[in-house]
Amino acid sequence: MDGSLDEERQRAAAVIERRPTHTAWWWERDAPIGVLHSVKECAQFAGTSDGLLLIVAGPLSDVIYQEYQAAKEAQAERYILIRGDFDELPSEVREFIRRERGSVVTRNFKNANELESLLHDALNMTAVRAMREVQLMRRRETRQRHV
C-alpha cells in the first residue's frame, strides 16, 4: 500500500476484471472517499471475498496479515505472488510464506507482464478445479442414489 506495487496491483485488477464472473476490489478505487476503516472492518471484508491476491515485495503490515487470515479462515482462494527474489524479503515475510506454502502455491515474478500471466493461469486453474469438484460431487450423489 506504500505505492511500490501500484503498477502490479492495477495490472492484477485488470486481469481479474477481464473475466465476466470476477470483480477486483481495492482500496484506492473502491473504498468510500473520506472513510477510514478499522482493522476489524478490513478483515471482515477480506473474509467475505471469494479470493485474496497477495502481491509481495517487502514487509507486510499487521492489517495485511489479518486480512489474509480472515480470507484463509473463510476458505477463500488465496494467491501469493512474490516480486523479485524470495531471499530478499524480510525474514518474517519469508517465514509467513513458508508456512502458507502448505496450503497455497506461491510464485515469483520479475515484471508486471509475468505477474499477469501467472494470475491468468491461476484463475483458470481455480475455475477448472471448481468445475471438477462439482462434477465429482454429482458423481458421488449419483452413486449414493443407486446404492
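- No salt bridge links Glu133 with Arg138; every basic N to acidic carboxylate O contact stays at or beyond 4.0 Å.
- Heavy atoms from other residues, nucleotides or ligands lying under 6.0 Å from CD of Glu141 number more than 12.
- When only modelled atom types and interatomic distance are considered, Asn124 and Arg129 share no side-chain donor-acceptor pair under 3.5 Å.
- Between Trp25 and Phe45, the ring-plane angle classifies as tilted under the 30° and 60° cut-offs.
- Residue-environment remark: CZ (Arg99) exceeds the threshold of 12 foreign heavy atoms within 6.0 Å.
- Both tests pass for Arg101 against the ring of Phe86: distance under 6.0 Å to the centre and angle within 45° of the axis.
- The two residues Ser103 and Arg78 come nearest to each other via the heavy atoms OG-NH2, 3.0 Å.
- No side-chain heavy atom of Glu7 sits under 4.5 Å from any side-chain heavy atom of Gln10.
- The shortest distance between side-chain heavy atoms of Leu54 and Leu81 does not fall below 4.5 Å.
- A salt bridge is defined here as a Lys NZ or Arg NE, NH1 or NH2 lying under 4.0 Å from an Asp or Glu carboxylate O, and Glu116 with Arg18 meets this definition.
- No side-chain donor-acceptor contact under 3.5 Å links Ser49 to the backbone of Leu52.
- Under the 4.5 Å side-chain contact rule for hydrophobic residues, Leu60 and Val104 share a cluster.
- Side chain of Glu17 to backbone of Ala24: a donor-acceptor contact under 3.5 angstrom is found.
- Taking the side chain as every heavy atom from C-beta outward, Asp50 and Glu77 never approach each other to under 4.5 Å.
- Heavy-atom minimum distance, Ala12 versus Leu53: CB-CD2, 3.5 Å.
- When side chains are defined from C-beta on, Gln135 does not count as touching Arg132, because their heavy atoms never get closer than 4.5 Å.
- Of all heavy-atom pairs between Arg94 and Asp87, the closest is NH1-O, 3.4 Å.
- Note that the OG atom of Ser117 and the CZ atom of Arg107 stand 11.0 Å from one another [nearest 0.5 Å].
- We find the CZ-OG1 distance between Arg19 and Thr126 to be 8.5 Å, quoted to the nearest 0.5 Å.
- Judged by distance alone, the side chain of Asn111 and the main-chain N or O of Glu114 form a donor-acceptor pair under 3.5 Å.
- With a 4.5 Å cut-off on side-chain heavy atoms, Met131 and Val134 do not count as touching.
- Applying the 6.0 Å contact sphere to CG of Asp121 captures more than 12 heavy atoms from other residues, nucleotides or ligands.
- For the residue pair Arg83 / Asn108, no side-chain donor-acceptor distance below 3.5 Å is found, with atom types taken as modelled.
- Contact record, Ala43 with Ala70: O-CB, 3.1 Å, taken as the closest heavy-atom pair.
- Heavy atoms of other residues, nucleotides or ligands lying less than 6.0 angstrom from CG of Asp62 number 12 at most.
- Side chains of Thr106 and Tyr79: a donor-acceptor N/O pair is absent below 3.5 angstrom, by distance only.
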- Would Phe109 and Leu119 satisfy side-chain contact (heavy atoms from CB on, under 4.5 Å), going step by step from the backbone distance to the final call? CA-CA 10 Å; Phe109 67 94; Leu119 182 55; over 6 Å; no

- Where do Ile16 and Thr23 land on the side-chain contact (heavy atoms from CB on, under 4.5 Å) test, with the steps shown first? CA-CA 6 Å; Ile16 293 165; Thr23 302; over 6 Å; no

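- For the pair Val93 and Pro59, the tightest heavy-atom approach, listed with the atom from each and the gap, is CG2-CA, 3.9 Å.
- Note: Arg145 CZ to Arg143 CZ = 12.0 Å, rounded to the nearest 0.5 Å.
- In this structure, Ile82 is a member of the same hydrophobic cluster as Tyr65, with clusters built from ILVMFWY side-chain heavy atoms closer than 4.5 Å.
- A single hydrophobic cluster is not seen to contain both Val63 and Ile55; linkage of ILVMFWY side chains at heavy-atom distances under 4.5 Å, directly or through other members, places them apart.
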